[in-house]
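Report on the structure given below.
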Amino acid sequence: LEHTLVRLLAALLVCPVIDDATMTTKTRRGTTKTRRGRRSYPPLSLLLLLLAVCHAAFTSAQLVPWRQEEDESVLEGLLSHSNLLTAVAYFHSDCSAWSLFAAEWDAAAAHLRHLVGFVSLNIDQAPRTASKYLKRQEGKAHPTVLLFLPRVEGGGHRVVRMDTRRTRRRDDILVFLTSHMPDYVQMLRDKDASHSRFLAHPMPKLVYIADQLHVLPIFKALSAEFREQVTIGEVRRSEFAVFRQYGPDALPSFLQVVENSQGRMIALLAYDFTRSNAMSFASIGFFVNLAAKEWRQIK
């Protein structure tokens, strides 16, 4: 899709939309007069719109796929390369409970788009992969859901089993999945010196400042996806000693912080939460990438 959009944009930039035919008319004296039509190019607003769509397509293409259907190779690829949580639903073709569970599973997958890798795997079509992780007869009466946490350095995946007989509604699935998402967001406090350690970290730093009591799933996913590029800290208003050092005008705020020549931390970039798609993974992920590049240029 993104390649098609780029070709279309290029064509609009270099080619006219309308090229009127040559017109020949007779004058009163009987001679002929030739006049060519004027070329009309697309308005700038259309070009800008297409450019924005191309950017969105490229951005989303770089992110983790949100759901795949019954594909053995996709599962192996996700488990090998993803920094995010991967949730796999195993079922047999004759599993009577799957049809009811699948609707709730799809709804959860749509809600956690780009935050969790979802795979639905038919055991009858992928017996080799299923046999690696499942006991015999699993997935027949009820679908079996396994959560694969990202591979730790020098080790394998940690696997968590979800009880689909108790956890079968969309909201229950969401609570279970988000509670097991890898979380590299650092809570910044003065009393345990976590803020000082955060500031001393050599990687690019971003600080999320908010009121809520729990880390949002989207920031858990961001901290996992970009953990080798940036470090993300979270400050709550209740941590007043740390909060006043940043003093944002509005909450939530997401800032890139750097140390100035006097050794003080200043905000270099701030994320715009007033945008219509402000809480999308693609939008915030683009900001994180931009912040990392900006930091490298400064250094």
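This is a predicted model, so every value here is computed, not measured.
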**Q.** Non-hydrogen atoms of W295 and M203 that approach each other most closely
**A.** CZ2-C, 4.1 Å
Q. According to the interplanar angle, ranging from 0 to 90°, do the rings of H195 and Y246 count as parallel (below 30°), tilted (30 to 60°) or perpendicular (above 60°)?
A. perpendicular
(Q) If you compare all heavy atoms of A200 against all heavy atoms of K205, which two are closest, and at what distance to 0.1 Å? (A) N-CE, 4.5 Å
Q: Walk me through it: do L134 and L146 pass the test side-chain contact (heavy atoms from CB on, under 4.5 Å)?
A: CA-CA 9 Å; L134 297 187; L146 299 182; 3.9 Å; yes
Q: Mark yes or no for whether R113, through its side chain, and F281, through its backbone, hold a donor-acceptor pair below 3.5 Å.
A: no
Q: Determine the interplanar angle of the F118 and W105 rings, folded into 0 to 90°, and report it as parallel if under 30°, tilted if 30 to 60°, perpendicular if over 60°.
A: perpendicular
(Q) With a 4.5 Å cut-off on side-chain heavy atoms, are F254 and I232 touching? (A) yes
Q | Spacing of F101 atom CZ and S120 atom OG [to the nearest 0.5 Å] | A | 8.5 Å
Q. Counting only heavy atoms not in R158, do more than 12 fall under 6.0 Å of its CZ?
A. no
Q. How far apart are the closest heavy atoms of I284 and M279, and which atoms are they?
A. CD1-CA, 4.2 Å
Q | Between NE2 on residue H201 and OG on residue S196, distance to nearest 0.5 Å | A | 14.0 Å
Q.
With rounding to the nearest 0.5 angstrom, report the CZ to OG1 distance, F91 to T144.
A. 11.5 Å
Q: Write down the atom of M181, the atom of P217, and the distance for their closest heavy-atom approach.
A: CE-O, 3.2 Å
Q. Does P143 offer a backbone N or O that forms a donor-acceptor pair with the side chain of T164 under 3.5 Å?
A. yes
Q. Can you pull the side chain to side chain donor-acceptor pair (under 3.5 Å) pairs that have at least one residue in residues 178-190, sequence neighbours excluded?
A. Y184-R227, Q186-T231
Q) Should L222 and Y208 count as side-chain neighbours, where that means a heavy-atom distance under 4.5 Å? A) no
Q) Quick one: CG on L216 to CD on E234, what's the gap to the nearest 0.5 Å? A) 7.0 Å
(Q) Check for me, please, whether L121 and V159 land in the same ILVMFWY cluster - side-chain distances under 4.5 Å, paths through other members count. (A) yes
**Q.** Set of residues satisfying ring-ring contact (aromatic ring centres under 6.0 Å, His included) with respect to Y271, sequence neighbours excluded
**A.** F273, F287
Q. Below 4.5 Å, heavy atoms only, C-beta onward: do L85 and P182 meet side chain to side chain?
A. yes
Q) Taking all non-hydrogen atoms of both residues, which atom of V185 and which atom of G233 are closest, and how far apart? A) CG1-C, 4.2 Å
Q. Could you give the distance from CD (E239) to CE (M187), rounded to the nearest 0.5 Å?
A. 7.5 Å
Q) Is it the case that more than 12 heavy atoms not belonging to R236 sit under 6.0 Å from its CZ atom? A) yes
Q. According to a 4.5 Å side-chain heavy-atom criterion applied to Ile, Leu, Val, Met, Phe, Trp and Tyr, with indirect links allowed, do I218 and L290 form part of one hydrophobic cluster?
A. yes
Q. CZ/F176 to CG/D163 distance, rounded to the nearest 0.5 angstrom?
A. 8.5 Å
Q.
Is there a continuous path of hydrophobic side-chain contacts, each under 4.5 Å between heavy atoms, that joins L149 to V175?
A. no
(Q) Please determine whether side-chain contact (heavy atoms from CB on, under 4.5 Å) holds for the pair N289 and Q229, giving the CA-CA distance in whole Å, both sets of side-chain angles, and the decisive distance to 0.1 Å. (A) CA-CA 8 Å; N289 261 322; Q229 297 172 250; 3.3 Å; yes
Q. Within a strict 4.5 Å, meaning less than it, do heavy atoms of the D172 and E104 side chains meet?
A. no
Q) How far apart are the closest heavy atoms of V230 and A292, and which atoms are they? A) CG1-CB, 3.9 Å
Q: Would you please name every residue forming a side chain to side chain donor-acceptor pair (under 3.5 Å) with T274, sequence neighbours left out?
A: D272
Q: Examine L100 and L174 and state if one hydrophobic cluster contains both, with Ile, Leu, Val, Met, Phe, Trp and Tyr joined whenever side-chain heavy atoms are less than 4.5 Å apart.
A: no
